[in-house]
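Report on the structure given below.
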Amino acid sequence: MWSHLKQKSIILPSITSEEINKQVDPVLRKMEKNGIKIDVTVFGNLANKLESRLVELEKNIYQLSGEEFNINSPSQLADVLFRKLKLSVNGMKKTKTGISTAASELLKIFDSHPVIANILEYRELNKLVCTYLKPLPLLVDENSRLHTTYGQDTTTGRITSNEPNLQNIPIKGELGKKIRKAFVASPGTKLISADYSQIELRVVACLAEDKSMIEAFKNNEDVHTKTAAEIFHIQPEKVTPDHRRIAKSVNFGIVYGQSAYGLSQALKIDQSDAAKYISNYFDTHKGIKEYVNQMIKKAHEVGFVETLFGYKRYLPNINSHMRSISDSEERMAINTPVQGTAAEILKLAMIELDKKLVIMETDNPENCPRMLLTVHDELVVEAPLDQADKVAKLIKETMESVIKLCVPIVAEVGIGSNWSEAK
DNA sequence: CCCTTCACG
DNA sequence: ACGTACGTGAAGGGT
């Protein structure tokens with residue numbers, strides 16, 4: 001399927017997805033063993049602070065709703081909000097059990113009752129306390145290091161992390177920042193974080209041979225600003241942050257097979273506007289349009305799609321007569337080659353980087369850089385203070401050159417004494 | 001054991 | 001008329 005690319009503009013190592021997985025496995029085992037240090041005291045202090053706020057919020061919620069109930073129970077919460085206080089409005093998402101109490105739905109009734117703001121804050125803080133701040137310190141070793149287990153058993157080729165999951169550590173907002181600051185470099189070292197910039201969009205630009213997107217990446221333009229200019233029919237200089245935000249959603253939504261309805265919900269805009277933006281997008285991105293059609297056609301004909309390195313994802317229900325089933329697998333057909341190829345690129349980089357680090361380790365086993373985390377498009381490495389700058393360059397160089405796409409691959413690298421600083 | 005919710009990319 | 005954005009893992013509730 002991708003043979004036309006291989007001759008044209010892409011230079012890829014002659015290795016199969018299967019071989020990539022086999023070679024990255026020992027690297028993952030080493031990373032598990034290395035672990036990452038956390039500041040247990042910071043975790044504890046933050047947990048205590050949030051817990052006292054949670055007590056306040058709990059009181060507020062009981063008072064405002066006129067009864068005590070289990071806020072953590074969606075069914076009890078729905079009963080209070082929708083049956084007792086009658087706060088539901090048209091267009092709220094329903095679950096199997098009733099009206100959804102998910103944050104996106106509660107926002108629709110935010111202004112109708114003061115209890116909602118309290119519930120949303122309670123949810124946010126409770127999540128951080130119960131999923132991260134309390135459990136993680138219980139899992140550290142004698143050196144305050146957390147050791148995850150990496151898995152490769154996924155439908156797209158991505159790596160998973162469990163017990164504990166170190167791939168979903170909070171990052172958004174002040175609290176996210178505080179938590180990431182508590183992931184620290186051990187004494188005498190720095191953390192280096194290296195992120196692929198827009199890797200999935202670069203991949204789809206090349207898989208789809210989309211002229212507009214390729215040009216944007218080749219010229220190092222802001223791809224979302226360019227998209228905004230295209231879908232709003234305005235000059236790039238006239239693009240506002242709001243335009244850009246919508247364009248960014250369109251760019252990502254396309255890779256997921258998002259509909260006008262989905263885009264309108266996500267952005268809280270009119271569905272007809274959303275439809276217009278998507279239609280304008282496909283007018284200016286014929287390559288993407290063709291790619292989407294090709295993947296859907298292929299999946300229907302042969303029952304699978306594949307990544308650049310040949311991983312096949314089978315879609316056994318793509319020809320189902322149940323529209324929702326076949327629609328769902330069509331979206332997988334669009335997304336999997338993109339997400340999967342991006343995953344393969346990061347795994348290749350890890351294999352190459354490991355080889356280089358092993359050489360440094362042989363030179364000085366006591367004082368050498370170590371790979372710690374892999375988070376889909378990011379690597380976190382710990383390096384001795386005096387080597388940090390050099391290692392950062394090595395990581396960037398390795399990540400950017402592991403494969404030659406039709407557009408430049410860019411990795412952004414940062415150095416710090418904690419995970420937040422390094423990003 | 002399934003459901004809902006929500007953290008990340 | 002239908003359903004509606006991909007991929008994960010963890011926690012708590014309820015049966």
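Residue numbers start from 1 in every chain, and the chains themselves are labelled A, B, ... in the order their sequence lines are given, proteins ahead of strands. All figures in this text were calculated on a predicted structure; none of them were measured in a lab.
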Euclidean distance for [atom1], [N] against [M] (whole angstrom):
N	M	atom1	result
C:dG3	B:dC6	C1'	23 Å
C:dC2	B:dA7	C1'	31 Å
C:dA5	B:dC8	C1'	16 Å

Between [atom2] on [N] and [atom1] on [X], what's the gap in Å once rounded to a whole number?
X	N	atom1	atom2	answer
A:Arg158	C:dC6	CZ	P	13 Å
A:Leu373	B:dA7	CG	P	20 Å
A:Leu133	B:dA7	CG	P	13 Å
A:Lys94	C:dT4	NZ	C1'	15 Å
A:Ile99	B:dT5	CD1	C1'	17 Å
A:Ile179	B:dC8	CD1	C1'	12 Å
A:Leu128	B:dC8	CG	C1'	12 Å
A:Gln258	C:dG7	CD	C1'	15 Å

So, does [X] use its side chain to make a donor-acceptor pair with the main chain of [Y] at under 3.5 Å?
X	Y	result
A:Glu400	A:Ala411	yes
A:Asn317	A:Ser320	no
A:Arg331	A:Gln258	no

Touch check for [X], heavy atoms < 4.0 angstrom, all strands: base, sugar-phosphate only, or nothing?
X	result
A:Thr101	sugar-phosphate
A:Arg331	sugar-phosphate
A:Ile334	nothing
A:Ala266	base

Donor-acceptor pair between [X] and [Y] side chains, under 3.5 angstrom:
X	Y	result
A:Glu163	A:His147	no
A:Glu344	A:Thr307	yes
A:Asn21	A:Lys347	yes
A:Ser272	A:Asp270	yes
A:Tyr150	A:Asp25	no

Quiz item: If the sugar-phosphate is the primed atoms plus P, OP1 and OP2 and the base is the rest, what is the B/S/- string for nucleotides 8-15 of chain C, using protein heavy atoms under 4.0 Å?
Solution: SBBSSSS-
Quiz item: Charged N to carboxylate O below 4.0 Å: is that the case for A:Glu56 and A:Lys59?
Solution: no
Quiz item: Which residue, A:Gln271 or A:Thr336, contacts DNA chain C at a nucleotide closer to its 5' end, judged by nearest heavy atom?
Solution: A:Gln271
Exercise. Check every atom of B:dG9, B:dT5, C:dC6 against the side chain of A:Met332 and return the nucleotide holding the closest atom.
Key: C:dC6
Quiz item: Between which residue ranges does DNA chain C form stems of three or more consecutive Watson-Crick or G-U wobble pairs, both distances under 3.5 Å?
Solution: B:1-9 with C:6-14
Quiz item: Under 6.0 Å between ring centres, would you say that holds for A:Phe252 and A:His224?
Solution: yes
Practice problem: Record whether the side chain of A:Gln339 comes under 3.5 Å of the base of C:dC6 through a donor-acceptor pair of N or O atoms. | Solution: yes
Exercise. Ignoring backbone atoms, establish whether A:Arg123 has a side-chain N or O less than 4.0 Å from OP1 or OP2 of B:dC6.
Key: yes
